[in-house]
Amino acid sequence: MEFVLLGSMEIRRKDGTEEVSGRLRRTLLGVLLARAGEAVPVDVLTGALWGDHPDERAGARLQLHVHRLRTVLGERDRLSFGPDGYRLRTLPGEVDAERFETLTAEGMELAERDPLRAAAVLREALGLWRGELFAGLDVPLLGDWAHRLTERRLAAYEALYAAELAGGDGAGGGGVVTELTALVREHPLRERLHGLLMTALYRSGRRGEALAVYREAREHLVAELGLEPGPELRELERRVLAGEPAGPGRRAGGPAPLPPAQLPADVPRFTGREAELAALDRLLAGSRTTGPVPVVVAGTAGVGKTALTVHWAHRARACFPDGQLYVDLAGGGPDRPVTPGDALAGFLRALGPEGGSTMPRETAERAARFRTLLDGRRLLVVLDNAHSAEQVRPLLPGGSSCVVLVTSRNPLTGLVVREGAHRLSLERLPPADARILVRALLGTRAIAEPRAVDTLIERCARLPLALRIAAELARSQPSRTLTELAGDLADR
């Protein structure tokens, strides 16, 4: 059996191919495949299929759609039900998205020692794509998966053309130039694509066109992001102007590792915080002209610091084409906080062979390499649950091209005083936003018992985390009223 996702959704069996059409069928199969081999709770599936307010018949309707999917699969034991939800079993290599990632990793690994073989493997990987992934489906879980796979597809294209140029296939031929021109037009903020197109044109004797590509790239970057091209693209322009060799083997044209995409999944049913999101937007816009400073999102436990930061990071990730780094520093719980040295080791490995091939032993050396690798790159660095300014300080980039978001229960005054960090204090949810969140989580039950909802909000002190826990308790006990649940919380 084969599950086809990279384009129109299909299930291919030995006896034929079945196209999976319709929003509900595609959503159900997509969510089950996104968590293949894992139990997916019923409320996760009904929320994906019918949004925040499924009616009381949602469970029965889900069973009907599952029955129809089992019929299409032709193997009833493939899709099973247990106490934790529905589980779809897949075998290695059956999902085309999984094969794409495996082939992409293989091609990347071959790029240095056998570029022509790498190019062949990468073309095989890219050939699996036949269209947009999950087109027309507005489901956060699928959106995150689609974004990650789309980023890998772009990185695979970059590695492909770099390998072809390194192997000689791109020199003097128009095919690579034509394909790269189309990609650059589609992704004008992707500096590596501009660099590869410049290299292909320059090596084909089209020096003037290569320089024109640089000028167009600069215009886009300045207009859209308010930033000059990075050092790799500027160095490539200098070499073209000087008539020096340029291309694969140099960072501007050589195979690039996959950009890190370490953000956790976006928060489902994120509610409110419009003023805080706008403040983060203003800080990002200001960083383009004055240079970025760390932003500390501070507040009490459960107030939603991580949720706000991750949600904003997903909204703004297009502004960070070189990737997003994330680490939970474990500074707000019972576990021992992560040391700066361990956090830096993870970041360096995520940044590719240059970062993690020979890991420095000392924290200061790791921090210096981290600052070197981030110089000129546009990355977002999220330092979650920081314990102190001392824990954060070695993790700060040295240049002005990256943005750093820090969350902490503590005010981190040292960062504000010494590093000029901007502190964004996060307060408890306003009552109106708290009501919206509870209604989004509980649907018609919340609408039917408005007084109980207000009591729940009071019992949970308007803390988003506590409200989500209370809503989960309510969902796990559907026979009980919200009034009864609020009474139980009062007794605790």
Side-chain angles (χ1 to χ4, degrees), residues 31 39-62 83-85 139-141 264-278 297-312 314 332-334 384-385 407-409 424-492:
V31 172
V40 185
V42 169
D43 63 338
V44 171
L45 290 171
T46 56
L49 292 171
W50 294 290
D52 296 339
H53 306 290
D55 60 33
E56 65 275 4
R57 297 180 57 248
R61 292 161 65 193
L62 174 62
D84 297 324
V139 180
L141 191 152
D266 199 358
V267 182
R269 301 176 178 87
F270 185 89
T271 301
R273 304 300 193 192
E274 296 302 328
E276 290 84 357
L277 290 169
V297 180
T300 190
V303 79
K305 302 179 293 296
T306 299
L308 170 70
T309 302
V310 170
H311 183 67
W312 180 86
H314 277 280
D384 201 10
N385 294 314
T407 74
S408 180
R409 297 182 186 180
L424 180 63
S425 297
L426 200 60
E427 305 296 336
R428 302 167 192 267
L429 275 178
D433 286 346
R435 292 188 194 97
I436 292 172
L437 176 59
V438 174
R439 289 170 188 163
L441 295 170
L442 293 179
T444 55
R445 292 180 67 183
I447 297 173
E449 298 184 69
R451 291 186 179 178
V453 167
D454 286 342
T455 304
L456 270 179
I457 291 170
E458 180 184 347
R459 298 281 189 267
C460 294
R462 291 186 281 119
L463 293 172
L465 179 59
L467 289 170
R468 288 178 180 274
I469 293 172
E472 178 55 31
L473 284 173
R475 285 197 295 264
S476 68
Q477 304 173 44
S479 62
R480 304 191 66 203
T481 66
L482 297 184
T483 302
E484 291 171 336
L485 176 61
D488 288 346
L489 293 177
D491 296 336
R492 296 185 182 183

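- In this structure, the side chain of Thr481 engages the main chain of Glu484 through a donor-acceptor pair within 3.5 Å.
- Of the possible donor and acceptor atoms, none in the side chain of Arg435 sits under 3.5 Å from a partner among the backbone N and O of Pro450.
- Trp50 contributes atom CH2, which lies 9.0 Å from atom CG of Leu45 (distance to the nearest 0.5 angstrom).
- The structure places CZ of Arg468 at 6.5 Å from OG1 of Thr271, a figure rounded to the nearest 0.5 Å.
- Between Val303 and Glu427, every side-chain heavy-atom pair lies at or beyond the 4.5 Å cut-off.
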Let's go through Arg273 and Leu426 carefully: what are the C-alpha distance in whole Å and the side-chain angles of both, what is the deciding distance for side-chain contact (heavy atoms from CB on, under 4.5 Å) to 0.1 Å, and is it a yes or a no? CA-CA 9 Å; Arg273 304 300 193 192; Leu426 200 60; 3.8 Å; yes
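- No donor-acceptor pair under 3.5 Å is formed between the side chain of Glu276 and the backbone N or O of Leu424.
- Results of the side chain to side chain contact (heavy atoms under 4.5 Å, CB included) test with Thr407 over Asn385, Val310, Leu308 single out Asn385 as the only residue that passes.
- Nearest heavy-atom pair, Gly272 versus Asp433, reported as atom, atom and distance to 0.1 Å: CA-OD2, 3.7 Å.
- Here the closest heavy-atom approach between residue Pro464 and residue Gly302 is recorded as CD-O, 3.2 Å.
- A distance of 9.5 Å separates CD of Glu472 from CD1 of Ile469, quoted to the nearest 0.5 Å.
- A heavy-atom distance below 4.5 Å is found between the side chains of Leu482 and Val453.
- With a 4.5 Å cut-off on side-chain heavy atoms, Lys305 and Arg409 count as touching.
- In this structure a side-chain-to-backbone donor-acceptor pair under 3.5 Å is missing from Thr309 to Thr306.
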From CA spacing to verdict: side-chain contact (heavy atoms from CB on, under 4.5 Å), Ile457, Leu437: CA-CA 10 Å; Ile457 291 170; Leu437 176 59; over 6 Å; no
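- Between Pro41 and Ala39, the shortest heavy-atom contact is CD-O, 3.7 Å.
- Leu456 has its side chain within reach of Leu485: a pair of non-hydrogen atoms, C-beta onward, lies under 4.5 Å apart.
- A donor-acceptor pair under 3.5 Å is formed between the side chain of Arg462 and the backbone N or O of Leu429.
- Within the model, atoms CZ of Arg480 and CG of Leu473 stand 9.5 Å from one another, a figure rounded to the nearest 0.5 Å.
- Taking both residues in full, the closest heavy atoms of Leu442 and Ala471 are given as CD2-O, 3.6 Å, listed atom of the first, atom of the second, then distance.
- Looking only at side-chain heavy atoms (C-beta outward), Leu277 and Phe270 come within less than 4.5 Å of each other.
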